[in-house]
S.K.: 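My questions will all concern the structure given below.
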Amino acid sequence: MINILIFGPPGSGKGTQSVKLAEKFNLVHLSTGDMLRAEIAGGTELGRRMSSIMSKGELVPDEVVIEMIAEKIDKTRSAAGFLFDGFPRTVAQTSALGKMLNDRGMKIDLMLVLEVDHEELVSRLVARAELSGRPDDKDPAVIENRIEVYKSKTEPIINYCREKGIYQPVDGMGTIEDIFKRLSGYLKKFI
Ligand code: B4P
């Protein structure tokens, strides 16, 4: 079993690359962003509560995403491995994931961090707003806030993973296929 974190600021290509990597390496793709958007689309009580937080570009409470992930892991224990996309996003989520995996005899093997220029992030998200209609992509101020939230709350996780020896920065600039080849190269070393 191999467990991978795919990491990077909003618009860095986490979701885009995760779909491709999960298919190629037969991993279960767990995206907390997708799970939360499914709650909103389904009109659930949780979705209604999370929608206003997400549309401002803020992070939803740690306990909400931790519970979602734990449920998914337990439903798919026979998987060849998990690809965590957009989770963890805070130091508290990272500790919770470490404990969750440890309790189940699993661990994080690799953290892939996509590195992308600021202007490129903004331009990708603005372009996606046209197609996706995502409220958090529509407003440039919300995009900037998401990038700020990434820097203040999510980036500190990198130090934790560096200390564990699982940190791998990856150039996230270029075409989707070029970046996919780079990421695949790192995964192949584990599979
Ligand atoms: P996410 O769904 O994780 O979304 P994201 O950070 O915006 O990145 P995403 O993965 O979707 O985009 P990608 O870079 O692939 O989070 C959304 C919100 O949910 C958060 O702001 C937060 O409120 C909440 N949330 C989620 N997880 C949470 C957690 N754990 N804790 C608390 N809150 C949480 O792609 C962006 C665009 O770029 C796409 O249109 C894509 O086609 C394009 N693109 C990708 N690669 C490209 C390339 N190489 N060249 C050109 N375009 C490219």
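A quick note: this is a predicted structure, and the numbers were derived from the prediction, not measured. Only this structure's heavy atoms are used, side chains among them; waters, hydrogens and symmetry mates stay out. One is the number of the first residue; the rest follow in order along the sequence.
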S.K.: Might you work through the salt bridge (Lys or Arg N to Asp or Glu O under 4.0 Å) test for K181 and E177, ending with a clear yes or no?
M.R.: CA-CA 6 Å; K181 277 190 203 132; E177 280 312 314; 5.9 Å; no

S.K.: Looking only at non-hydrogen atoms, find the nearest pair between I176 and Q17 and report the distance.
M.R.: O-NE2, 3.1 Å

S.K.: Just by distance, do the side chain of N3 and the backbone of D109 share a donor-acceptor pair under 3.5 Å?
M.R.: no

S.K.: State, to 0.1 Å, how close D136 and V142 come at their nearest heavy-atom pair, and which atoms those are.
M.R.: O-CG1, 3.6 Å

S.K.: Between F190 and M106, is there a shared hydrophobic cluster once you connect ILVMFWY residues whose side-chain heavy atoms come closer than 4.5 Å?
M.R.: no

S.K.: Decide yes or no for M68 and E71: does some side-chain heavy atom of the first lie under 4.5 Å from some side-chain heavy atom of the second?
M.R.: no

S.K.: Would you please test L5 and T94 for side chain to side chain contact (heavy atoms under 4.5 Å, CB included) and show each step?
M.R.: CA-CA 10 Å; L5 307 184; T94 313; 5.7 Å; no

S.K.: Can you establish whether the number of heavy atoms outside E115 located under 6.0 Å from its atom CD is more than 12?
M.R.: yes

S.K.: Do L112 and L187 have side-chain heavy atoms sitting under 4.5 Å apart?
M.R.: yes

S.K.: Counting C-beta onward and ignoring hydrogens, is there a side-chain heavy-atom pair between V64 and T32 closer than 4.5 Å?
M.R.: no

S.K.: Indicate, with yes or no, if F25 and I2 share a hydrophobic cluster defined by side-chain heavy-atom contacts under 4.5 Å among Ile, Leu, Val, Met, Phe, Trp and Tyr.
M.R.: yes

S.K.: Examine distances only and state if a side-chain atom of R128 and a backbone atom of D137 form a donor-acceptor pair shorter than 3.5 Å.
M.R.: no

S.K.: Indicate yes or no: at least one non-hydrogen side-chain atom of I4 is less than 4.5 angstrom from one of L21.
M.R.: no

S.K.: Nearest heavy-atom pair of I40 and S51: which atoms, and what distance?
M.R.: CD1-CA, 3.7 Å

S.K.: Does K14 use its side chain to pair, donor to acceptor, with the backbone of D85 at less than 3.5 Å?
M.R.: no

S.K.: Should the heavy atoms of other residues, nucleotides or ligands under 6.0 Å from NZ of K72 be counted, would the total exceed 12?
M.R.: no

S.K.: Restricting to non-hydrogen atoms, name the atom on G33 and the atom on M54 that form the minimum distance, rounded to 0.1 Å.
M.R.: O-CE, 4.4 Å

S.K.: Is there a chain of hydrophobic side chains (I, L, V, M, F, W, Y, each step under 4.5 Å between heavy atoms) that links F180 to Y186?
M.R.: yes

S.K.: How about V122 and E144: do any of their side-chain heavy atoms sit closer than 4.5 Å?
M.R.: yes

S.K.: Does S31 reach the main-chain N or O of D34 with its side chain, forming a donor-acceptor pair under 3.5 Å?
M.R.: yes

S.K.: If you measure from the Lys or Arg side-chain nitrogens to the Asp or Glu carboxylate oxygens, is any gap between K56 and D139 under 4.0 Å?
M.R.: no

S.K.: Which of these, F87, Y150, F84, sits in a side chain to side chain contact (heavy atoms under 4.5 Å, CB included) with F7?
M.R.: Y150

S.K.: Quick one: closest heavy-atom pair of S18 and L83, and the distance?
M.R.: O-CD2, 3.4 Å

S.K.: CD1/I6 to OG/S12 distance, rounded to the nearest 0.5 angstrom?
M.R.: 7.5 Å

S.K.: With rounding to the nearest 0.5 angstrom, report the CG to OG distance, L59 to S152.
M.R.: 8.0 Å

S.K.: May I ask whether I158 and V149 are part of the same hydrophobic cluster, defined by side-chain heavy atoms of I, L, V, M, F, W, Y residues being less than 4.5 angstrom apart, directly or through others?
M.R.: no

S.K.: Give, for atom CD1 of I179 and atom CE of M173, the distance between the pair rounded to the nearest 0.5 Å.
M.R.: 8.5 Å

S.K.: As an exercise, state the distance from CD of E39 to OG1 of T44, rounded to the nearest 0.5 Å.
M.R.: 4.0 Å

S.K.: Is the shortest heavy-atom distance from the side chain of Q93 to the side chain of I157 under 4.5 Å?
M.R.: no

S.K.: Looking at side-chain heavy atoms only, is the closest gap between I53 and M50 below 4.5 Å?
M.R.: yes

S.K.: State the CZ-CG distance between R182 and L114, to the nearest 0.5 angstrom.
M.R.: 9.5 Å

S.K.: Please test V113 against Y167 for side chain to side chain contact (heavy atoms under 4.5 Å, CB included), starting from the C-alpha separation and ending with a verdict.
M.R.: CA-CA 7 Å; V113 183; Y167 165 69; 3.6 Å; yes

S.K.: Consider only side-chain heavy atoms of I, L, V, M, F, W and Y, link residues closer than 4.5 Å, and tell whether L36 and F82 are in one cluster.
M.R.: yes

S.K.: If you compare all heavy atoms of R124 against all heavy atoms of G172, which two are closest, and at what distance to 0.1 Å?
M.R.: NH2-O, 3.0 Å

S.K.: Is the shortest heavy-atom distance from the side chain of R146 to the side chain of L125 under 4.5 Å?
M.R.: yes

S.K.: How long is the span from the CE atom in M100 to the CD1 atom in I66, to the nearest 0.5 Å?
M.R.: 6.0 Å

S.K.: So for atom CG, which belongs to N26, do other residues, nucleotides or ligands contribute more than 12 heavy atoms lying within a distance under 6.0 Å?
M.R.: no

